[in-house]
Amino acid sequence: MGFASSAARGLGKLLAFLIVSAVCGVLAAGLMAPAAAVTWAAANGSVQFFDSLPSQLTVAPPDQVTKILAADGSQIATLFDENRTSVPLDQMSPNIRNAIVAVEDYRFYEHGGIDTTGIVRALVADFRGDRQGASTLTQQYVSNVLKEDVIAQGAGSDVVLNGQKTIGDKLREMKLAIALEQRYTKDQILQGYLNIVFFNTNAYGIEAASEYFFSVHAKDLTLPQAALLAGLVNGPSVYDPSVYPGNAVSRRNLVLDAMLEHGYINQKQHDDAVKTPLQLKINPPKQGCPYASQAQYFCDYVLHEVLNDPAYGSTAADRLQKVMRSGLTIATTLDPRLQGPAQAQVDATAGANPDKWGTSLVTVQPGTGRILAMAQNTRMLPGQGLNFVTSYNFNVDKADARGNDLGGAGGMQPGSAMKPITLTAWLTEGKTTNTIVDASRRVYPLNYPWRDTCGKVIGAYDDATVGLGTAPDLQNDEPGWYEPMTVREGVYQSINTALFATAAGLNDFCDIQRAANALGMEDGGGKGAMIDMSTLGDLLGGMNVAPLTMANAYATFASNGTYCVPISITSVTDSQGKKIGGQAQTCRPNSIRPDVAKAVTSVLQDVLTKGSGYNIKDNAGQTITLGVPDAAKTGTDQYNSETWLVGYTRGLSTASYFGEALGNPADHLGRNVVVNGRFWPVIDGAYIAGPQWAYYMQKVLGLFDHGPFDPPPPSLIGPPVPPVPQGG
């Protein structure tokens with residue numbers, strides 16, 4: 001009874017499948033001869049079911065790898081859900097084309113989408129208990145396209161696996177296959193199939209599979225390599241050569257047998273290929289910014305820019321899907337000629353770095369806003385060469401990086417590197433660099449009559465006076481500078497009391513805020529908010545500012561007052577090469593007056609020749625100079641734990657940073673410390689950040705304009721003044 005029942009069920013399935021096959025045969029005939037189909041339909045009303053099935057397949061490009069590229073076209077990183085790079089058929093070895101046809105569908109070039117002979121053969125074999133497939137390559141292509149469409153719509157769990165397909169599913173694929181054959185050539189279908197088919201979780205499509213298993217391009221596949229990959233599609237897990245090499249070799253040899261049987265190779269080629277060992281050269285794809293071949297943190301910054309731009313999708317999920325599945329090419333501003341030396345220098349500066357000191361360099365091109373280099377002495381993953389691992393980007397605002405949702409470091413205290421902001425306000429009011437101010441004054445009480453027109457309450461550090469931290473009055477780094485001096489000298493010698501005397505001498509204190517805004521001085525911890533210069537401590541760099549912001553502000557001086565929004569992306573193209581985005585160059589000429597910018601540069605040149613930057617020395621104590629016109633300003637917080645040099649030539653503006661990038665500056669004092677094997681009683685902006693800037697700029701300045709700066713107008717310099725006696 002049980003046997004009879006089982007046999008009846010088996011016979012029923014057989015008859016059902018035969019009916020399906022017959023219907024498909026009539027369907028095929030109907031497409032060629034409608035009258036015959038109508039006649040058959042009259043005899044069997046079930047044809048109405050087939051008429052209701054879709055007959056057109058939308059073949060959308062399958063998932064591809066998104067590439068982030070440097071300005072010279074070199075690769076920075078790849079991103080993908082499915083590792084796939086589509087290539088044309090002529091970039092696939094004839095070996096793989098012949099192998100896949102021989103083993104999967106040797107009648108491919110003869111049938112019209114479905115192979116009735118193959119179906120009958122499979123039915124007979126199935127009835128005998130020897131299960132065989134009957135799907136043509138065209139049907140398999142249809143199946144893969146439908147599956148990719150479901151995944152693209154975010155419904156991956158709805159994918160129907162081969163063993164779960166109903167007769168209706170099979171019929172749908174058959175009808176679509178027949179229609180597909182009428183729209184595309186055989187070579188187009190074969191190309192589409194080989195680009196979409198699944199080989200391994202690390203490899204979708206023949207190009208990715210070739211690179212993953214053998215580290216070669218699809219066009220270079222040898223006969224045994226191609227036979228192995230052709231055999232793999234039938235059972236990617238069972239025949240995985242890295243897991244089951246015996247299974248893979250047996251399957252490969254079966255493919256070679258099929259190629260010999262159907263005339264694609266001769267006996268000697270077959271025998272030689274069978275004797276060939278596997279010789280795998282596994283090359284696992286490494287995707288994402290943590291595996292970037294260069295500029296991990298710049299990569300993360302670029303990705304943040306794309307994922308937050310509505311041009312690439314109305315929602316965050318849409319934008320992420322476009323990046324991970326659409327095969328975009330994101331061309332960036334990064335210049336590897338600068339990035340390489342920048343990375344080498346920041347790594348060398350801190351060395352093994354047991355105390356987790358952070359170093360960074362970021363370069364912006366004046367007049368364009370293009371970010372040319374962005375480097376720091378850390379890595380995103382353990383085992384990448386340094387023992388300082390973090391996802392934080394030292395160079396950008398807190399909101400301007402992805403970094404495992406940690407973002408940028410949020411900026412650091414720039415100290416005296418902020419003094420050119422007040423100098424800009426001074427010069428904007430028409431005052432001169434050679435004007436003498438009273439740098440002996442050390443106390444500015446809360447009721448001090450600052451002159452302002454913007455209605456701001458000018459605040460101090462504490463309840464009674466302006467000081468640094470808990471100090472009762474303003475302090476200079478050295479004791480002998482509490483005396484009258486020129487504004488110029490106050491800046492290039494970096495005298496705090498002179499800076500406050502300059503601010504007090506302004507016609508309008510609010511001009512400092514206006515200067516900061518014109519230079520794009522954003523708060524490192526905010527979301528586009530400008531720093532508040534009415535907080536008096538911010539005149540001396542008490543707030544947090546990102547190195548990128550500092551480099552770009554100084555680039556405005558280098559370009560004679562033209563402020564440009566920093567940009568990192570030159571173009572974004574889709575998988576078909578169509579441009580769909582990018583960041584336009586956005587510049588504001590005369591953001592500060594050209595004559596003011598030239599005068600600021602004149603003062604900052606003195607920093608490097610006779611001021612605080614003159615202490616930039618190598619390990620032998622020799623002063624490091626660039627040998628071309630340059631300008632800069634040092635910066636150090638009161639704990640000597642945040643140190644800077646921000647400087648520029650005509651063609652490059654670079655912020656160099658060394659310090660406590662992630663913690664509380666007060667908890668990591670830069671006094672009596674050992675950095676890279678050298679003892680420092682105190683760290684100053686000129687001591688470590690300065691040489692880092694100079695060594696790097698020496699290597700790269702020749703790649704961009706490094707001619708003389710434009711001279712400042714005499715009206716902003718003022719008449720020479722006799723030397724002021726100094727107290728030490």
Side-chain angles (χ1 to χ4, degrees), residues 65-79 286-309 323 328-347 359-380 384 391-397 400-403 408 546-552 555 564-573 579 581-586 648-649 651-657 692-693 696-697 699-705:
V65 172
T66 285
K67 298 178 181 178
I68 301 179
L69 305 178
D72 66 351
S74 61
Q75 186 168 289
I76 297 175
T78 59
L79 304 113
K286 294 180 178 178
Q287 67 127 338
C289 293
Y291 291 103
S293 59
Q294 56 182 325
Q296 289 180 330
Y297 299 92
F298 175 80
C299 173
D300 183 81
Y301 175 75
V302 167
L303 192 54
H304 169 272
E305 295 289 281
V306 172
L307 293 178
N308 285 274
D309 188 340
V323 168
L328 305 179
T329 298
I330 304 172
T332 73
T333 59
L334 188 84
D335 191 330
R337 300 174 301 170
L338 279 71
Q339 181 64 27
Q343 190 63 59
Q345 189 58 56
V346 295
D347 289 349
T359 64
S360 73
L361 285 165
V362 59
T363 298
V364 174
Q365 184 180 28
T368 69
R370 292 167 65 97
I371 302 170
L372 303 177
M374 181 182 289
Q376 64 190 61
N377 69 315
T378 67
R379 300 295 186 270
M380 287 187 171
Q384 292 184 326
S391 293
Y392 281 108
N393 187 338
F394 295 167
N395 283 296
V396 300
D397 292 347
D400 280 345
R402 281 171 27 92
L548 174 58
T549 299
M550 295 298 293
N552 199 53
C564 298
V565 176
I567 58 173
S568 58
I569 303 169
T570 54
S571 70
V572 178
T573 55
K579 184 175 180 179
Q583 294 175 327
Q585 183 174 302
T586 305
Y648 54 94
T649 59
L652 298 172
S653 177
T654 298
S656 172
Y657 169 82
Q692 175 173 267
W693 175 85
Y696 161 68
M697 290 289 282
K699 293 181 178 70
V700 302
L701 64 86
L703 299 171
F704 291 81
D705 185 1

**Student:** Could you check whether any side-chain N or O of Asn395 sits under 3.5 Å from a backbone N or O of Ala546, counting only pairs where one atom can act as donor and the other as acceptor?
**Tutor:** no

**Student:** Kindly say whether Ala584 contributes a backbone atom to a donor-acceptor pair with the side chain of Thr586 at under 3.5 angstrom?
**Tutor:** yes

**Student:** Would you confirm whether Gln384, through its side chain, and Pro290, through its main-chain N or O, come within 3.5 Å as a donor-acceptor pair?
**Tutor:** yes

**Student:** Using a 3.5 Å distance criterion without hydrogens, assess whether the side chain of Gln296 forms a donor-acceptor pair with backbone atoms of Met380.
**Tutor:** yes

**Student:** Quick check for you: to the nearest 0.5 Å, what is the distance between Thr654 atom OG1 and Trp693 atom CH2?
**Tutor:** 8.0 Å

**Student:** I'd like to know if the side chain of Gln365 pairs up with that of Thr333 as donor and acceptor (distance under 3.5 Å, no hydrogens or angles considered).
**Tutor:** no

**Student:** When rounded to the nearest 0.5 angstrom, what distance separates CG in Leu334 from OG in Ser74?
**Tutor:** 7.5 Å

**Student:** Output the distance between atom SG (Cys289) and atom CD1 (Ile68), rounded to the nearest 0.5 Å.
**Tutor:** 5.0 Å

**Student:** Return the minimal non-hydrogen interatomic distance between Leu307 and Val323, and the atom names on each side.
**Tutor:** CD2-CG2, 3.8 Å

**Student:** Please answer whether the main-chain N or O of Ala375 pairs with a side-chain N or O of Gln343 as donor and acceptor at a distance below 3.5 Å.
**Tutor:** no

**Student:** With distance as the sole test, does Gln585 use its side chain to make a donor-acceptor pair with the main-chain N or O of Gly369 at under 3.5 Å?
**Tutor:** no

**Student:** Any chance the side chains of Tyr297 and Ser360 put a donor and an acceptor closer than 3.5 Å?
**Tutor:** no

**Student:** If you count the non-hydrogen atoms of other residues, nucleotides and ligands that lie under 6.0 Å from CZ in Phe704, is the total more than 12?
**Tutor:** yes

**Student:** Classify the ring geometry of Tyr301 against His304: parallel below 30°, tilted from 30° to 60°, perpendicular beyond 60°.
**Tutor:** parallel

**Student:** Testing the basics here: between Ala70 and Thr332, what is the closest heavy-atom pair and its distance to 0.1 Å?
**Tutor:** CA-OG1, 3.6 Å

**Student:** Under the side-chain contact (heavy atoms from CB on, under 4.5 Å) test against Gln376, which residue among Asn393, Asp347, Thr359 passes?
**Tutor:** Asn393

**Student:** On a heavy-atom basis, which atom in Pro366 and which in Thr649 lie closest, and how many Å separate them?
**Tutor:** CG-O, 4.4 Å

**Student:** Taking side chain as C-beta onward, heavy atoms only, is Leu303 less than 4.5 Å from Leu79?
**Tutor:** yes

**Student:** A side-chain contact here means heavy atoms from C-beta on lying under 4.5 Å apart; do Gln345 and Ser656 qualify?
**Tutor:** no

**Student:** With heavy-atom distances below 4.5 Å as the criterion, would you say the side chains of Val700 and Arg337 are in contact?
**Tutor:** no

**Student:** Between atom CG of Asp300 and atom CD1 of Ile76, what is the distance when rounded to the nearest 0.5 Å?
**Tutor:** 12.0 Å

**Student:** So do Arg370 and Thr570 actually touch side chain to side chain, heavy atoms under 4.5 Å?
**Tutor:** yes

**Student:** Would you call Phe394 and Pro547 a side-chain contact if the rule is heavy atoms closer than 4.5 Å?
**Tutor:** no

**Student:** Please check this pair: side chain of Thr66 against backbone of Leu328, looking for a donor-acceptor N/O pair closer than 3.5 Å.
**Tutor:** yes

**Student:** Search all heavy atoms of Gln692 against all heavy atoms of Tyr657 and return the closest pair with its distance.
**Tutor:** NE2-O, 3.4 Å

**Student:** Once you round to the nearest 0.5 Å, how far does CE of Met374 lie from OG1 of Thr363?
**Tutor:** 10.0 Å

**Student:** Determine whether Leu338 and Tyr696 make a side-chain contact, defined as any pair of heavy atoms from C-beta on separated by less than 4.5 Å.
**Tutor:** yes

**Student:** Distance from Thr573 atom OG1 to Lys579 atom NZ, nearest 0.5 Å?
**Tutor:** 9.5 Å

**Student:** What is the minimum heavy-atom distance between Ala551 and Ser653, and which atoms define it?
**Tutor:** O-OG, 2.7 Å

**Student:** Tell me if a side-chain donor or acceptor on Asp335 pairs with a main-chain N or O of Ala71 at a distance below 3.5 Å.
**Tutor:** no

**Student:** Under a 3.5 Å distance rule, please check whether Gln339 uses its side chain to pair with a backbone N or O of Ala373 as donor and acceptor.
**Tutor:** no

